[in-house]
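Working notes, structure below.
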Amino acid sequence: MDQVVGMEQRTLEDILESFVNSQSIFKNKKALSINYYPDRICFRDNEIQNLVRILGPVLKNEKPSNVFIYGGTGTGKTLVTKYVTNQIKKTAEKYNFPIQILYVNCKMKKVSDTEYRLLAYLCELMGLHVPATGLPTDEVYRRFFNRLSYFNGPTILILDEIDALVRKIGDELLYNLTRCGDEGYDLTIVGISNDLSFTQYLDARVKSSLSEEEMIFPPYNAEQLFEILKDRAKIAFNEGKIDECVIRKCAALAAQEHGDARRALDLLRVAGEIAERNNDSKVEEIHVDLAEEKLDLDRMSEAARTLPKHSKLVLYTILKLLKNKEKVLTGEVQKHYEYLCKQISLRPLTQRRISDIISELDMLGLVNALVISKGRYGRTREISLSVTEDIQNKVLSILHSELFL
DNA sequence: AGTCCACAGGAAGGGCAGGCGA
DNA sequence: TCGCCTGCCCTTCCTGTGGACT
């Protein structure tokens, strides 16, 4: 017995020692996170210079033009904007010039769902607590503007994913914010979006005011993504732990997804994590394949766990129906959903609501829903999946245990 | 050219919960 | 404590729509 225990202990010791002695794959994993700000931003020199030219006058106490920045996901819009505004802030601090930068990601839940919430959040950023509900919206506006004038200097407000804001709450808030420049408040708005179509919902005055200056960020091509990844990999990985061909594969996969640098970094990071977990000596191409699958699975199973009950059931219905075919229509989903509701004694939601839930699932990237017309057989959504059968099965089993057990 | 289908999606509003301020 | 206000989730009612069919 002692002998067995002794052996087990030795094995454990060996494993633990191997952690200490073997050289880790990562040197500084943070370099692969989206929150990492590199010293050098590749392939965005023009954009940086442009933005500095637009926002720079703030340091001369002149009000800069509002800017609207457009470009696909992971094209460096946020990175460049934060980089430039940080530099402006640093310079301002050097000369004791007061300036405040407010950054809001409008896609964040509980931040920009309503006019009230966003204003409350902005007040919080300026150090003023506003209750989550209870006050008339006018009062929150009053407090926000009070706080703005209380700060004795210019403010740059960055509204990231501004399209999400407009879709959720319309353009009234933007109208009020863009007007406040006319009323003596020193506020410059930088709107960032990856969707140009939302501007059609904007009031003409808001549109022209917001787009006093416009910038477009083109997607990175595979070669540029490769260079960006190579730079980051140098910081992130220990020497000899990753080959160029692996980096190239991540770049190529992300380039297929509209040149998304964020996706490329995620792939590289997760591939490294998988290699490390498997105790492999270096990151190989197979790890990238596994990383791609893991990212999809994580995204879907996270949603499967956190969605509200009816959304879970709708997603379950879709996954179930898509086991036998490639595409389903809204009507089929509705019918099967109602059948499942009966099985678990749940009062089904109306078709109108289900239609919205399908849109939400589409927006979350869990399903692909395309509005199509089938002629005299009506207009509907054609719903499909873009994940492997394996992931589909895993998510189905998570949803099954969440819903039926 | 007109009809018709099966929805999409906008608008309005109900009901409930939570929080504020007098 | 109570009236008021907002958020959230949902329903009801309605108009709009693209293209196959007649």
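Labels below follow one simple rule: chain letters A, B, ... track the order of the sequence lines, proteins then strands, and each chain is numbered from 1. Values reported hereafter were calculated over all heavy atoms of this structure, with side chains retained and with hydrogens, waters and symmetry mates removed.
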- For the pair A:E332 and A:K335, find out whether any cationic side-chain nitrogen is under 4.0 Å from an anionic carboxylate oxygen. no
- Note on the structure: With sequence neighbours left out, the residues meeting ring-ring contact (aromatic ring centres under 6.0 Å, His included) with A:Y103 are none
- Item | Whole angstrom value for the distance that separates P of C:dA20 from CZ of A:R376 | 12 Å
Please list, chain by chain and in numerical order, all residues satisfying salt bridge (charged side-chain N to carboxylate O under 4.0 Å, His left out) with [X], sequence neighbours excluded.
X      : result
A:E212 : none
A:R269 : A:D266, A:E273
A:R262 : none

- Under the side-chain contact (heavy atoms from CB on, under 4.5 Å) rule, collect the residues that match up with A:K374, sequence neighbours excluded. A:L329, A:I372, A:Y377, A:T380
- Taking only residues two or more places apart in sequence, or in another chain, which ones meet A:Q224 in a side-chain contact (heavy atoms from CB on, under 4.5 Å)? A:F43, A:Y220, A:N221
- Divergence of helical axes at both termini of the helix from B:dA1-C:dT22 to B:dA22-C:dT1 - five pairs an end, 10° steps: 20°
- Task: Please list all pairs passing the side chain to side chain donor-acceptor pair (under 3.5 Å) test where one or both residues lie in residues 86-99 of chain A, with sequence neighbours left out.
- Result: none
- Message: Filter on side chain to side chain donor-acceptor pair (under 3.5 Å), then keep only pairs touching residues 336-345 of chain A, sequence neighbours left out; what's left?
- Response: A:H310-A:Y337, A:Q334-A:E338, A:Y339-A:Q343
Nucleotide N/O to protein N/O under 3.5 Å, stretch nucleotides 15-21 of chain B:
unit_1	atom_1	unit_2	atom_2	d
B:dG18	N2	A:T133	OG1	3.4
B:dG19	O4'	A:T133	OG1	3.0
B:dG21	OP1	A:R143	NH2	3.2

- Item | Contact list for DNA chain B against residues 303-336 of chain A - heavy-atom distance below 4.0 Å | A:T330, A:G331
- Task: Report which part of the nucleic acid A:I372 touches: base, sugar-phosphate, or nothing (heavy-atom distance under 4.0 Å, all strands).
- Result: nothing
- Among pairs that include at least one residue of residues 382-399 of chain A, which meet salt bridge (Lys or Arg N to Asp or Glu O under 4.0 Å), considering only residues two or more places apart or in two chains? A:K327-A:E382, A:D390-A:K394
